[in-house]
Amino acid sequence: MSAGRQDQLESHRRISRLRIIDALREDGRMSRADVARLTGLSRPMVSNLVNELRSIGLLHEDAERVPTPGERGGRPPIFLRRDASAGAAVGIDFDHARVRVAVSDLALRIQGERTHELDPTREAGAGLDLAASMVEQALADAGVDRRRVVGAGMALPGPIQQPDGVVGPSSILPLWTGVAAAAEMRRRLDLPVVADNDANLGAVAEAAFGAARQAQDVLYVKLTSGIGAGVIVKGGLYRGTAGRAGELGHVRVRPDGPVCRCGRRGCLETVASTDALRRVLLSDRGRDLTVTAMIDAARAGDLECRRVIDDGGRALGSVVASVLNVLNPELVVIGGDLSPVGDILVDAVERSIACDALPESAANARVVPGVLGDRTQLFGALALVISEIDLPLAGRHSSAR
Ligand SMILES: [Zn+2]
């Protein structure tokens, strides 16, 4: 079996594990059969994963002790119980302008959170130092003993090479290229640290807890000052040969368009990213708006803001149409800074898809905004840790520093 296929099966297992944890969110009484029904996973898959989660101490199974009236004899029903207090996780999300840090329990309930501005022109070391100190503050805010932390997950805006989280070229943080970010953070925190591309983690978060919970084949688009995508095929993340799948922002849409940060010309990112939309408003109409102000104005009916968002959405939709023709996903989730604008963006994307995709591919794919908001990548980073715990939690605590 190829390494890529193995990687994707492994990702399917990890996303399914998160879907089970999510299904038990409402601490109701649920059996393995209930979980299979709710998640759409097969019974054998649920059994395997429940056994795995039991072995690390995140799930327990309790036989019902009180017999239901009129139901004597037979096997008592067995219900699953999630033990979210068995440990804690740390999530770190870097984007072009800020870093966010959160501490959660193992059910991803956030217990402490910090946000700080990030200077994208500074070297990686300064950003990593800042995030490490924010982790200590967030742990103190949450009152979480450091020895209970099972690990930290990190979302980074660029292609990421495993296992040390080396940041590839074309990152939106130029001075981070070549830095082994996960290894560097491991050294600073003295904790296990895993890192992945921000759009990949957005796709995992929306698939496990958000808009794509039931879907198996998903295109997640992160539309911010850059444009990236996470591709989920048969319930697992598809990374491609060198971990570079989903570089949607660098598909060329205008051969004679503006020069892109990747060194080529006319990439989607130069036309449809939030930076590109803001540039058009400034150059054409002399209006210097933040992304939030642009969204608010568009929602209030401002024609100029609606125009630039519609133009960007149509350019994005045309590229998404090609992806639909190639991959035939069932769901397209539009996340990132612009997603709060909702229908204005989704309608534009859908109109382009209707024009440019094969009718059958377009008919099978729904387009929806992401539902996890600006914490999407943070949830993805926390989910990465929780999906990757393989040692019994009790053992981890005693061996932690
Ligand atoms: Zn480019």
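Computed from a prediction, not measured in an experiment: that's the story for all the values here. Every number for a ligand or one of its atoms is a count from 1 in the order of the listing.
Among residues two or more places apart in sequence or in another chain, the salt bridge (charged side-chain N to carboxylate O under 4.0 Å, His left out) test is passed with Asp119 by none. Among residues two or more places apart in sequence or in another chain, the salt bridge (charged side-chain N to carboxylate O under 4.0 Å, His left out) test is passed with Asp145 by Arg147.
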Note to self: With salt bridge (Lys or Arg N to Asp or Glu O under 4.0 Å) as the criterion, how do Asp93 and Arg98 come out once you've worked through the C-alpha distance, each side chain's angles and the decisive distance to 0.1 Å?
What the structure shows: CA-CA 8 Å; Asp93 171 28; Arg98 71 184 173 192; 5.5 Å; no
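A donor-acceptor pair under 3.5 Å is formed between the side chain of Asp105 and the backbone N or O of Ala107.
Side chain to side chain, Asn51 and Arg32 meet the donor-acceptor criterion of an N or O pair below 3.5 Å.
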Identify each donor-acceptor pair in which a side-chain atom of residues 325-342 lies under 3.5 Å from a protein atom, sequence neighbours left out, and give them as a table.
from	atom 1	to	atom 2	distance (Å)
Asn325	OD1	Leu358	N	2.9
Glu330	OE2	Gln216	N	2.9
Glu330	OE2	Asp217	N	3.0
Ser339	OG	Gly336	O	3.0

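At a cut-off of 2.8 Å, measuring from the Zn ion (ligand 1), the protein N, O or S atoms that fall short of it are His250 ND1, Cys260 SG, Cys262 SG, Cys267 SG, waters left aside.
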